[in-house]
> 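First the structure, which I've put down as structure tokens, then a few questions once you've had a look.
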Amino acid sequence: MVSHSNLLVALCSAANFINAADRVIMPIAIIKMTPKFQWDMHWQGWILSSFSFGYLSSQIIGGRCAPKLGGKHVLTFAVTLWSLSTFLTPLIAKSVFALIVARILLGFGEGLGLPTVFHIFAHSVPVEGRSKAFGYLVAMGSVGQTVASIMCPHLPWQWMFYFFGSLGFIWVLLWLGLYNEEKRSPDDDYIIPAPRVNNPHVRWIEFICHWPLWGIYIAHFSMNWSNYTIMHWLPTYLANHLDADEKDISLTAVPYIMNSLVGVGAGHLADSLIRNKWTVLSVRRLMTVIGLLGPGLFLLFFMSVKNLLLAVVFISLSMGLSACNSAGHLSNHADVAPHHAGITFAVSNTLATIPGIVCGPLTAELVTTSGGRWFPVFVLSAAVNFVGAVIYQSQSAASQVL
């Protein structure tokens, strides 16, 4: 019989599969949509980045609503909203204004999701299984991106949105039918010890005045800078800079396959190290430094090659190593703020969504002003990763601060 926590991890990971797949659709569909709707590169940048405006605005709302309304209700609303926004996109694509509004609503719904999941995991998954749980969560997101990257180039652009929007509606039905949000009994074998401090009335200033939290926030920001750049612009870069055709665009699935495999492996490795008497802090730091320095280095290799296959290999290694962050700073929330992990993640993901807003128009501007060269884009991304790794190593902690 499947345990309560395993069912929960499976359902939340499936939600993240759909969440991540829905994000990948537009960067692929926009290649087919641009000639039809005559968008220039700057309009493409704003359409891609509009998602992040909604995503940023709902992070803290999700973190606050989950403890008050219950994770099940909030996650139900979130998946319903982002799936509806995805499904309706082809119907309103003729209007740039309506399309941007739909993208903002997509981001708003998805922004509610992960803070809610982090809150649920912090209360329902034991500490020795959290790295693995977060590893599966992040890995399934990568699987979603992989599936979307393989399928979408072979579908009419409208059906990209219809298919994945429908998956979200199916998930909602399964979630409502299979998962019961209930208090655990004393007989459950996965009881989680009560946090050392269990004060639900922490002042908001507490979420921004501890350096261990800022170490997490900055590492998350750095990771997302390169991830958003790749997610938004990789299909366009391969098509325009390396002459990839429609069939070759499916190769954008490879980085996400690598990301999912490494994410699961990193989670199991991290939990194994903790069981073998490594300190939690040393494991979090190890996984984060691999997850930031490695991707930055391979981004520099990626930008230096003109061969399509070699470029895919380097960007896949970059995205793969990035998945180590799931067992690093992303798992660190439940260590330093077990009672407030949903809120600390919301703050972190709010700050880490700024790259999603900035990278679209900034990339378009850098490429345009540099005469079509992508060199400044990838050097900047690598530099941000390197800085984030240094700050996390010096400021992180694994002891509870909230």
Side-chain angles (χ1 to χ4, degrees), residues 20 23-24 27-28 31 48 138-139 141-150 152-153 219 222-266 269 286-328 355-356 359-360 362-364 366-367 370 372-390:
R23 298 188 201 188
V24 172
I28 296 173
I31 297 173
L48 292 171
V138 174
S142 299
V143 172
Q145 292 170 317
T146 300
V147 172
S149 298
I150 292 173
C152 287
S222 303
M223 176 189 76
N224 272 17
W225 188 284
S226 55
N227 284 354
Y228 272 115
T229 300
I230 293 168
M231 183 176 69
H232 284 171
W233 291 106
L234 181 59
T236 299
Y237 177 82
L238 295 182
N240 295 348
H241 191 72
L242 297 179
D243 299 321
D245 57 26
E246 187 174 288
K247 180 181 177 181
D248 294 331
I249 295 300
S250 295
L251 291 173
T252 57
V254 179
Y256 299 122
I257 294 172
M258 183 70 75
N259 187 271
S260 63
L261 294 175
V262 175
V264 172
L269 174 61
L286 173 65
M287 291 299 168
T288 300
V289 75
I290 295 173
L292 291 176
L293 293 184
L297 180 63
F298 281 104
L299 271 178
L300 298 178
F301 294 156
F302 169 72
M303 74 174 188
S304 304
V305 300
K306 302 297 183 183
N307 179 272
L308 177 62
L309 182 59
L310 196 56
V312 170
V313 169
F314 285 143
I315 203 63
S316 298
L317 290 171
S318 178
M319 285 291 287
L321 292 176
S322 180
C324 292
N325 287 298
S326 64
C359 284
L362 179 61
T363 297
L366 288 174
V367 172
S370 63
R373 293 185 302 161
W374 289 76
F375 173 83
V377 175
F378 298 118
V379 168
L380 178 60
S381 295
V384 171
N385 269 24
F386 296 155
V387 171
V390 171

> Tell me the closest heavy-atom pair linking Ile28 and Ser149, and the distance in Å.
CD1-CA, 3.7 Å

> Restricting to non-hydrogen atoms, name the atom on Ser222 and the atom on Val384 that form the minimum distance, rounded to 0.1 Å.
OG-O, 3.2 Å

> Hey, mind stepping through Leu299 and Ser226 against side chain to side chain contact (heavy atoms under 4.5 Å, CB included) and telling me if it holds?
CA-CA 9 Å; Leu299 271 178; Ser226 55; 3.7 Å; yes

> Please report the shortest heavy-atom distance between Pro295 and Ser322, naming the atom on each side.
CG-N, 3.5 Å

> Return all side-chain donor-acceptor pairs below 3.5 angstrom for residues 228-244, not counting sequence neighbours, or 'none' if the list is empty.
from   : atom 1 : to     : atom 2 : distance (Å)
Thr229 : OG1    : Trp225 : O      : 2.8
His241 : NE2    : Lys306 : NZ     : 3.3

> Got a second to check how far Leu300's CG is from Ser381's OG, nearest 0.5 Å?
9.5 Å

> Hey, can you pull the donor-acceptor pairs under 3.5 Å for the side chains in residues 247-266, sequence neighbours left out?
from   : atom 1 : to     : atom 2 : distance (Å)
Asp248 : OD2    : Asp245 : N      : 3.2
Ser250 : OG     : His154 : NE2    : 3.1
Thr252 : OG1    : Ile249 : O      : 2.7
Asn259 : OD1    : Ser142 : OG     : 2.0
Asn259 : ND2    : Met319 : O      : 2.6
Ser260 : OG     : Tyr256 : O      : 3.4
Ser260 : OG     : Ile257 : O      : 2.8

> Locate the shortest heavy-atom distance separating Pro153 from Ala148; write the atom from each residue and the value.
CD-O, 4.0 Å

> Taking ring-ring contact (aromatic ring centres under 6.0 Å, His included) as the test, write out the residues that go with Phe301, two or more places apart.
Phe298, Phe314

> To the nearest 0.5 Å, how far apart are CG in Asn385 and CG in Leu321?
11.0 Å

> Working to the nearest 0.5 Å, report the span between CG of Leu297 and CZ of Phe386.
6.0 Å

> For Val377 and Met303: C-alpha separation, side-chain torsions, deciding distance, then whether side chain to side chain contact (heavy atoms under 4.5 Å, CB included) applies.
CA-CA 9 Å; Val377 175; Met303 74 174 188; over 6 Å; no

> Return the CG to CG distance between Leu362 and Leu366, rounded to the nearest 0.5 Å.
4.5 Å

